[in-house]
Protein chains: 2
Amino acid sequence: MRARVPPPARPVGIKDIARALGVSIGTVDRALHNKPGINPDTRRRVLDTAAALGYRPNLAARHLKSRTTIRISVQLPQEIALFWDSLRDGIREAAAPFEPTLQLEFRSNPRLGEGEVELFEQALASGVNGIIVAPGDPVALEPCIRQAARNNIPVICVVTDAPGTERLASVSADPFTVGSVAGELLSRFLPNGGDVAFFTGWLGTEDHAEKLRGFDASVNAVGRGVHVVAVVEAHDDERTGYRRALAVLDAHPDLKGIFVSTVNSLPVLRAVERKGRTGQIAIVTTDLFPALVPRIRQGQVAATIYQRPVTQGRHALQALYQFLLDGTKPPTRIKVVPHVVMRSNLDLLLERRSGETP
Amino acid sequence: MRARVPPPARPVGIKDIARALGVSIGTVDRALHNKPGINPDTRRRVLDTAAALGYRPNLAARHLKSRTTIRISVQLPQEIALFWDSLRDGIREAAAPFEPTLQLEFRSNPRLGEGEVELFEQALASGVNGIIVAPGDPVALEPCIRQAARNNIPVICVVTDAPGTERLASVSADPFTVGSVAGELLSRFLPNGGDVAFFTGWLGTEDHAEKLRGFDASVNAVGRGVHVVAVVEAHDDERTGYRRALAVLDAHPDLKGIFVSTVNSLPVLRAVERKGRTGQIAIVTTDLFPALVPRIRQGQVAATIYQRPVTQGRHALQALYQFLLDGTKPPTRIKVVPHVVMRSNLDLLLERRSGETP
DNA sequence: TTGAAAGCGGTACCAC
DNA sequence: GTGGTACCGCTTTCAA
């Protein structure tokens, strides 16, 4: 039995280093921060003893002095409340330890893709230090992100990405994995094989295309006679989704499984009901919102792939804050492992969600 | 589109309150912290204006002054490395923002349940302020926890609980849900029904019994002719597990599903192999360790219920730290939502695990 | 019961 | 190039 216990006690500070070398703390500070006006030789010695003594800066003290409150603007839609509020909670939670050196400013647009540019410009104009945004319309936002990059304002995308822009990083449930998990679940749910359909928004969106790739790969990998017989673009629109779902159901009277890879699953569920095929089709959806809860509970939806907004929020804030503080560059894509939510863990998930609010 | 932006700028501090009332900051401090020796009337006025001005304490300053480095002892087994190291990582990660006001001391015993008491006593003797422990043998540990409680040293149990003791809280994947998720998965994987077996350690352990309860409830809820035909106690022992698994396989030539609710799944997998029944039985396991990885990849294990050690570690540390700082009592049981890990999300999970280490 | 003042570890800005 | 020192917001101690 080994007991690993750190060296006695008191953490070594800047003045320990100063004392050890017989220099002043001002010099030590200059050396540690690569500031100009110091003999390169002195710097070396300071850095060496700092390392030798195992110096670790006291973050509390640093924040205290740096009177500069860091302001981060968080721009997210109002709808769908449960999802975006969870994301906001995650951000808030991660920011709590840094209060009030770090200030959050929440800006909201009504729905994903609406009024994003205005919010972005407003944030830039108000002089924030960093931005967290869910780009519903990446193309429209591209000039904004470029502008931010020119002003050295780091931008982190959450949930959806704006690929090919100068954003610092993106945080999301890896879309390939999301599709892949859904595909594997459906394959396992259909051990006798059968036809399945894939619903998405726009295949032009990188995110959605990736989900399809993952789904396909996974269905074929298991390979027990499960076939993707329909790939449907519903354009995130209720009516389109409903109409096209009806058409698919008619065209494939023997359909055994459905994966809806966007949040737009309700119209598909309604179509299945309307055709009286509930219970004959294994359905996997994406995300979690109030209207979905009873359908999971009743078993109409076998599983939903939850993209874990709270966790995404936490990661986004941490990455952004680290960057603003240290200049530490996060990985370009921060991937969150999606949750498989079914009847059996639904309550625990909802409970945790509500418990986190205080 | 609404833009919610907080009031102009500078956070209000303790001396703003003092100035507003014409008292000293000492008085304000006494009021805010319910300290003795202050006129109840003065206290009221201070609290009121504090609320009115929207005072939020500056955590950085607070940590800075409280010269008292909080020492937390973390007592976990060495084996199985991947799992416990993940837990340690989660704890470290959560502690990082509070460096070096918060000091972690890691103590390790070789295996769960071995040498726990010694480590615990050692930690108590060294005068730590709080303890995080995974009690392998809760009964043996009970007097230790009592002793800690008498000394006002809060103890948080992770992964497993020590029910009925004075521990401050426990953090774990809710065992009922773990069982329940496994049951639902197996039921879904077997739409034509069939016999399934449940493997555990000791049914006397509350944790294990809960898993069985969840499993049963869930299998019966779906109710498509899936029956639990065997409940096996393997006593966390490889040989026992192997022998009993062979016996179950012989007794039920038509077995269609297995859930191993402890980490002791390898012997069961070997027994299935030995009998040449791989591929004929849907297998769900618990946790994730190197030897399990290829078996998931090959499809021998359909899914494993991952108890998310990193997250458990984070929650444990946060709860303990909050309590030591504020006296904020966490919920008695902190429940983590378990992950369903399958071939399709295995890589993402492993990748994230290794990415978190730096 | 209250006020005043000395730090905590770093940073920033003086003067040498 | 370097040393000294006044802070940052809060806690704590000692004096009144």
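Please read all numbers here as calculations on a predicted model, not as lab measurements.
- A salt bridge between B:D16 and B:R19 is present, with a side-chain N of the basic residue lying under 4.0 Å from a carboxylate O of the acidic one.
- Using a cutoff of 4.0 Å between basic side-chain nitrogens and carboxylate oxygens, B:D41 and B:R44 are not scored as salt-bridged.
- Checked against D:dT2, C:dG9, C:dG3, the side chain of A:N39 finds its nearest nucleotide in D:dT2.
- A:G37 comes within 4.0 angstrom of a base, heavy atoms only.
- When the nucleotides C:dG9, C:dA5, C:dT11 are ranked by their closest atom to the side chain of A:I25, C:dT11 comes out on top.
- The CG-P distance, from A:L59 to C:dC8, rounds to 19 Å in whole Å.
- Look at CZ on A:R62: it is 19 Å from P on C:dC8, rounded to the nearest Å.
- Looking only at side-chain heavy atoms (C-beta outward), A:T27 and A:R30 come within less than 4.5 Å of each other.
- B:I17 places its CD1 atom 8 Å from the P atom of D:dC10, with the value rounded to the nearest Å.
- The phosphate of D:dG1 (OP1 or OP2) has no side-chain N or O of A:T27 nearer than 4.0 angstrom.
- Following rounding to the nearest Å, B:R44 (CZ) and C:dT1 (C1') show an atom-to-atom distance of 18 Å.
- Atom CG of A:D29 is separated from atom P of D:dT2 by 14 Å (rounded to the nearest Å).
- Between the CZ atom of A:R19 and the P atom of D:dG4 there is a distance of 14 Å, given to the nearest Å.
- Following rounding to the nearest Å, A:D16 (CG) and C:dG10 (P) show an atom-to-atom distance of 8 Å.
- Using a 4.0 Å heavy-atom cutoff across all strands shown, A:N58 reaches sugar-phosphate atoms only and no base atom.
- A donor-acceptor pair under 3.5 Å links the side-chain atoms of B:Q312 to the main chain of B:Q307, judged by distance alone.
- Taking only side-chain nitrogens and oxygens, B:K35 never comes nearer than 4.0 Å to OP1 or OP2 of D:dT11.
- No side-chain heavy atom of B:L102 sits under 4.5 Å from any side-chain heavy atom of B:L324.
- One interatomic measurement links the two molecules: CD1 of A:I38 to P of D:dG3, which rounds to 9 Å at whole-angstrom precision.
- Look at B:R30 and you won't find any side-chain N or O under 4.0 angstrom from OP1 or OP2 of C:dT1.
- In the set D:dT2, C:dG10, C:dT11, C:dG10 carries the atom at the smallest distance from any side-chain atom of A:Y55.
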